[in-house]
Amino acid sequence: MCCFSQPVESVSHTHIFARSATEGRQYLVYEMKVAAKSDLAMILPLPVPPKSAEDAVKFINLKEYPGLFHDMKEGFPEPPTRGVPAAEDHGPVPKSLAVVEVGDFEASFVPTVADFSRLDERFRLPSAAWDALPGYKNHGFAVFKLKKGAKEIHPMAFEFPRAEPKKLFFPTVHIHDGKVHATAVFDHSLYCQSRDGETLQVMNWEESPILASAFVKTAKTAGVVDPARHVHRRRISNEQKNEDILV
């Protein structure tokens, strides 16, 4: 889910990478271009186990590798032929939550919807938005605070515990104006890798012809990208059903 606490003028070129970590956890890396007139937060709901601790999410600083997704795209060379492009899948005052400096961002993990009251009001969604998304009542939330203006966001990365340890989660539901719409316009490239003994449902995904080490500077990813495995990619564009993706 790509949710913003304030209206945005535009969001585009979204890239998401997912890979299983150890002990039922998952790595997630998120990047986009965004333009907004005010300071705001990007909120990513996460399917975490119930009653996850406030330090359950580990944020990873990838500021020194802003070109991660540029390099990842290089693992999928376009066919050297002309013609029609391939089709794309279209009471007491509660204490404040911990804030972590992660590159150019301040980030927090919000364990439940109720815990949003512990964040500055500018960085929350309207309560009506959560009423329209009852499926997220048991989720936790990664919150990244962004400054106003137009900018390309360097990769935001973290590791989190999963309620479904055998599934990779991609947050793709959109809330850009405080409201939940049945469909949304997508401009997404999704990437993932498998682990030993893991079967991913990626039949309609492209597979890189070479290992990740050949096109990604894996030493700069803090262990997020496995150098010894191929990468799978799915591109989604145009208007689609407004929902998250599980693989």
Side-chain angles (χ1 to χ4, degrees), residues 1-18 26-48 54 56-63 65-66 68-69 96-113 115-130 132-133 136 139-160 169-181 184-191 224 236 242-245:
M1 175 185 277
C2 180
C3 308
F4 292 95
S5 61
Q6 304 292 330
V8 294
E9 296 178 300
S10 66
V11 182
S12 62
H13 296 84
T14 298
H15 302 88
I16 308 174
F17 173 81
Q26 178 186 317
Y27 293 114
L28 188 75
V29 187
Y30 199 103
E31 179 188 83
M32 65 190 167
K33 290 184 178 180
V34 62
K37 291 183 178 180
S38 60
D39 293 351
L40 73 165
M42 186 186 77
I43 302 165
L44 298 176
L46 306 173
V48 299
E54 292 184 10
V57 170
K58 175 186 175 184
F59 292 99
I60 301 167
N61 187 354
L62 294 185
K63 181 179 180 180
Y65 195 8
L68 169 60
F69 283 107
S96 298
L97 291 165
V99 175
V100 181
E101 295 285 343
V102 190
D104 290 340
F105 317 112
E106 290 183 348
S108 297
F109 173 58
V110 181
T112 68
V113 171
D115 288 307
F116 273 102
S117 63
R118 299 161 63 188
L119 285 181
D120 187 300
E121 189 172 355
R122 293 172 300 162
F123 305 126
R124 312 177 201 167
L125 276 175
S127 59
W130 299 124
L133 292 165
Y136 293 92
H139 281 48
F141 306 84
V143 178
F144 293 87
K145 299 175 183 179
L146 313 177
K147 295 295 185 181
K148 64 182 179 181
K151 54 179 68 67
E152 182 169 359
I153 304 300
H154 77 65
M156 297 174 281
F158 54 91
E159 178 191 323
F160 67 96
F169 172 74
F170 292 87
T172 51
V173 165
H174 295 43
I175 300 179
H176 293 176
D177 58 1
K179 300 177 182 178
V180 182
H181 302 278
V185 176
F186 281 68
D187 182 17
H188 288 52
S189 291
L190 310 182
Y191 298 89
V224 173
I236 311 174
N242 195 13
E243 61 184 3
D244 292 322
I245 292 173

Heavy atoms only: give me the nearest Y30-P171 pair and the separation to one decimal.
CE1-O, 3.8 Å

Set of salt bridge (Lys or Arg N to Asp or Glu O under 4.0 Å) partners for E159, sequence neighbours left out:
R25

Heavy-atom distance under 4.5 Å between the side chains of I236 and I245, does that happen here?
yes

Side-chain heavy-atom pair T172, L190 within 4.5 angstrom cut-off
yes

Residues at least two apart in sequence or cross-chain that pass ring pair (Phe, Tyr, Trp, His ring centres under 6.0 Å) with F69, listed by chain then number, are H15, Y191

Applying side-chain contact (heavy atoms from CB on, under 4.5 Å), can you list everything that pairs with A157, at least two apart in sequence or on another chain?
V29, I60, L62

Any idea which heavy atoms bring S38 and L40 closest together, and the distance?
O-CD2, 3.3 Å

Might you confirm whether atom NZ of K58 has over 12 heavy atoms from other residues, nucleotides or ligands at distances under 6.0 Å?
no

Sequence neighbours excluded, which residues qualify as side-chain contact (heavy atoms from CB on, under 4.5 Å) partners of S10?
A35

Given F109, F116, F158, the one that forms ring-ring contact (aromatic ring centres under 6.0 Å, His included) with F141
F116

Closest approach of A107 and F59, non-hydrogen atoms and distance?
CB-CE2, 3.6 Å

With K37, which residues qualify under side-chain contact (heavy atoms from CB on, under 4.5 Å), at least two apart?
E9

Start with the C-alpha distance between H13 and E31, add both sets of side-chain angles, then the distance that settles side-chain contact (heavy atoms from CB on, under 4.5 Å), and finish with yes or no.
CA-CA 8 Å; H13 296 84; E31 179 188 83; over 6 Å; no

Sequence neighbours excluded, the answer for side-chain contact (heavy atoms from CB on, under 4.5 Å) partners of P47 is H139, F160, F169

Distance, nearest 0.5 Å, that separates CE of M156 from CG of N61
12.5 Å

Donor-acceptor pair, D244 side chain versus V173 backbone, under 3.5 Å?
yes

The reported gap from CG in D187 to CE in M32 (rounded to nearest 0.5 angstrom) is 12.5 Å

